[in-house]
2 protein chains.
Amino acid sequence: MEFAGSAMNDLCISPEHGRRGRLGRRKIIYDDTKEFKSKNLHAERRRRQKLSDRLLALRSMVPIITNMNKATIIEDAITYIQEQQESVKLLSDQLIEMDESLDETVKTVSDHEIDPAEEMKQCGIMEDIQVTYVDETKLWIKIILEKKRGRFTRLIEAIAYLGLELTDINVTSYKGAILVSSCVEGTYGDTLTVQQTKELLVEIIRSI
Amino acid sequence: MEFAGSAMNDLCISPEHGRRGRLGRRKIIYDDTKEFKSKNLHAERRRRQKLSDRLLALRSMVPIITNMNKATIIEDAITYIQEQQESVKLLSDQLIEMDESLDETVKTVSDHEIDPAEEMKQCGIMEDIQVTYVDETKLWIKIILEKKRGRFTRLIEAIAYLGLELTDINVTSYKGAILVSSCVEGTYGDTLTVQQTKELLVEIIRSI
DNA sequence: CGGCACACGTGAATC
DNA sequence: TGATTCACGTGTGCC
């Protein structure tokens, strides 16, 4: 059983053994007039060259190459792929987060904006309090309450007393109900929580 | 000049030439008791195994593998890296776009918050009070005043203190100014005069 | 000089 | 069977 190469084929390639430097820098001069033991020699040559070319292409794709070694090229490619996977994950997470928050605000906004008359008719004279997050210091509140004399003024006073500044406010009275939609912010830039503010408003309205 | 392998070392490895199947499925049985012509045989074995391992690791990183060939693995890795690069570019572009639009809105919003009196003057907005007759008990008032913290609340309090009930009110803040348009009526159905009410409002606003 | 990285031609296994 | 793929041991250039 013969094995791996033979001295017979010494002259088939250039004296320098076809090698000039490292990966991708060799100059091969084949002498195809000679005969070989294996018939798949040409195929093997093509195969080797193809693999070398792919490796070269891979090297050109990866920005950070620590070494020109075949193994190192693949290693760097692996770490690069990992970095890219993390980048993709991070970016898409951020994007999803942004999308969700945007959807949330749009949804709450459109919820608030749909057809005041319709909503009031549906709710009739049902009192309602909704608090929507705008940013850390700003909240948007919508209040529907039964119209009573001086009740709106007392509501404004109470809100101011709680340290909330009304930046924009819109008040409508209709069919015995008052609809207040307003933007409030903490007097000294305090962080406001939706739940806490809503509870405070419920307490206020119950007392007036 | 001898070249590439020799029959001398046939017995150094298992009869099946250490090969069982394709990439990553070989079972190598080395016989290190034999001597070899080349002294770097072990090193070469290690090198080959390392390269195979890297290639295997690369294969595990790439989700779509069309073939198990060495060349194909690298090829698929290249296309995967390209796809990932495009994904990263697309995602970061979207993120930048979103960020910019968000910055824009934040900027325009915060633009409103800077410099109340100055901005009003620049935009040619003057403080103004207008009172319009609706009927004996109802008046429509329009007030433009410089935005100051808590000023609106104090205005509402003062109006209530004067015995005026706010039935409908609309407040908008823009360019450092507050625009209040509201319908007021006397608390006990009193007759209201335009001139008198306007003077009262002027007095109130001057004091707050 | 020795270690390292590479390409080489080959036998065998797989399809 | 013929084509293809693989691992092998080796020769050689380079550091």
Side-chain angles (χ1 to χ4, degrees), chain A residues 1-56 58-59 65-76, chain B residues 1-56 58-59 65-76:
Chain A
M1 181 167 77
E2 200 153 350
F3 178 68
S6 152
M8 241 188 87
N9 303 316
D10 282 346
L11 299 177
C12 71
I13 54 172
S14 66
E16 323 97 34
H17 196 251
R19 195 172 179 290
R20 286 209 321 113
R22 300 173 91 78
L23 185 64
R25 300 184 189 176
R26 60 203 54 85
K27 186 168 71 180
I28 303 175
I29 304 170
Y30 293 112
D31 182 4
D32 291 340
T33 59
K34 295 281 180 182
E35 288 199 349
F36 295 88
K37 290 187 175 182
S38 287
K39 291 182 178 180
N40 67 337
L41 187 137
H42 287 80
E44 179 63 16
R45 281 178 186 168
R46 266 185 279 113
R47 174 184 164 269
R48 269 201 300 266
Q49 189 178 346
K50 190 164 81 174
L51 207 145
S52 275
D53 289 347
R54 303 290 183 219
L55 217 56
L56 218 68
L58 182 66
R59 179 170 70 97
I65 299 291
T66 56
N67 247 343
M68 286 297 212
N69 300 341
K70 282 181 169 180
T72 316
I73 288 173
I74 300 180
E75 200 174 349
D76 292 339
Chain B
M1 179 165 76
E2 200 154 349
F3 178 69
S6 153
M8 240 187 87
N9 301 316
D10 281 348
L11 300 176
C12 70
I13 54 175
S14 67
E16 324 95 37
H17 197 249
R19 197 172 179 289
R20 286 207 322 114
R22 300 176 88 77
L23 186 64
R25 298 186 192 175
R26 61 203 56 85
K27 185 169 73 178
I28 303 175
I29 305 169
Y30 293 113
D31 182 4
D32 292 339
T33 58
K34 294 283 180 183
E35 288 199 349
F36 297 89
K37 289 187 175 183
S38 288
K39 292 183 178 180
N40 66 338
L41 186 136
H42 286 80
E44 179 62 16
R45 280 178 186 167
R46 266 185 281 115
R47 174 183 165 272
R48 271 201 299 267
Q49 190 179 345
K50 191 164 80 175
L51 207 145
S52 276
D53 290 346
R54 303 293 184 214
L55 217 55
L56 219 68
L58 182 66
R59 180 171 70 96
I65 299 291
T66 56
N67 246 342
M68 285 298 212
N69 299 342
K70 281 180 170 181
T72 316
I73 289 172
I74 299 181
E75 201 173 348
D76 292 340

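In what follows, chains are A, B, ... by sequence order, proteins preceding strands, each numbered from 1. Just so you know, these numbers use all the heavy atoms, side chains as well, and skip hydrogens, waters and symmetry mates.
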Quiz item: In whole angstroms, how far is the P atom of D/dT4 from the CD atom of A/Gln49?
Solution: 15 Å
Quiz item: How long is the line joining CG of B/Leu41 and C1' of C/dG2, in whole Å?
Solution: 16 Å
Quiz prompt | Inter-residue atom distance B/Leu51.CG - A/Leu55.CG, 0.5 Å rounding | solution = 7.5 Å
Practice problem: Would you sort out whether B/Leu58 and B/Arg54 count as a side-chain contact (heavy atoms from CB on, under 4.5 Å), showing the intermediate values? | Solution: CA-CA 6 Å; B/Leu58 182 66; B/Arg54 303 293 184 214; over 6 Å; no
Exercise. Could you please name the option among D/dT5, D/dA7, C/dA5 that lies closest to any side-chain atom of B/Asn69?
Key: D/dT5
Quiz item: Of all the nucleotides listed (D/dG9, C/dC4, C/dA7), which has the minimum atom distance to the side chain of B/Asn40?
Solution: C/dC4
Exercise. Examine the base of C/dC8 for any acceptor or donor lying under 3.5 Å from a partner atom in the side chain of A/Glu44, and report the outcome as yes or no.
Key: no
Exercise. Could you check how far CG of B/Asn67 sits from P of C/dC15, rounded to whole Å?
Key: 11 Å
Exercise. Take the protein atom CD of B/Glu75 and the nucleotide atom P of D/dT5, then report the distance between them rounded to whole Å.
Key: 12 Å
Quiz item: Rounded to the nearest 0.5 Å, how far apart are CZ of A/Arg47 and NZ of B/Lys70?
Solution: 5.5 Å
Practice problem: Would you please confirm or rule out a distance under 4.0 Å between OP1 or OP2 of C/dA7 and any side-chain N or O of A/Arg45? | Solution: no
Exercise. Could you tell me the separation between the CE atom of A/Met68 and the C1' atom of D/dG13, rounded to a whole number of Å?
Key: 17 Å
Exercise. Write down the distance between NE2 (B/His42) and P (C/dG2), rounded to a whole number of angstrom.
Key: 17 Å
Quiz prompt | Distance in angstrom units between B/Ile74 CD1 and D/dT5 C1', rounded | solution = 14 Å
Quiz item: Out of curiosity, A/Arg59 CZ to A/Asn69 CG, how far, rounded to the nearest 0.5 Å?
Solution: 11.5 Å
Quiz item: Within the structure, does a side-chain N or O atom of A/Arg47 lie under 4.0 Å from either OP1 or OP2 of D/dC6?
Solution: yes
Self-check item: Gap between atoms CG and C1', on B/Leu51 and D/dT5 respectively (whole Å)
Solution: 15 Å
Practice problem: Examine C/dA5: is either OP1 or OP2 under 4.0 Å from a nitrogen or oxygen in the side chain of B/Lys50? Give yes or no. | Solution: no
Quiz prompt | Options C/dT10, C/dC6, C/dC4, nucleotide nearest the side-chain atoms of B/Ala43 | solution = C/dC4
Practice problem: Ignoring backbone atoms, establish whether B/Arg48 has a side-chain N or O less than 4.0 Å from OP1 or OP2 of C/dC6. | Solution: no
Practice problem: With rounding to the nearest 0.5 Å, note down the distance linking CZ in B/Arg45 to CG in B/Asn40. | Solution: 11.0 Å
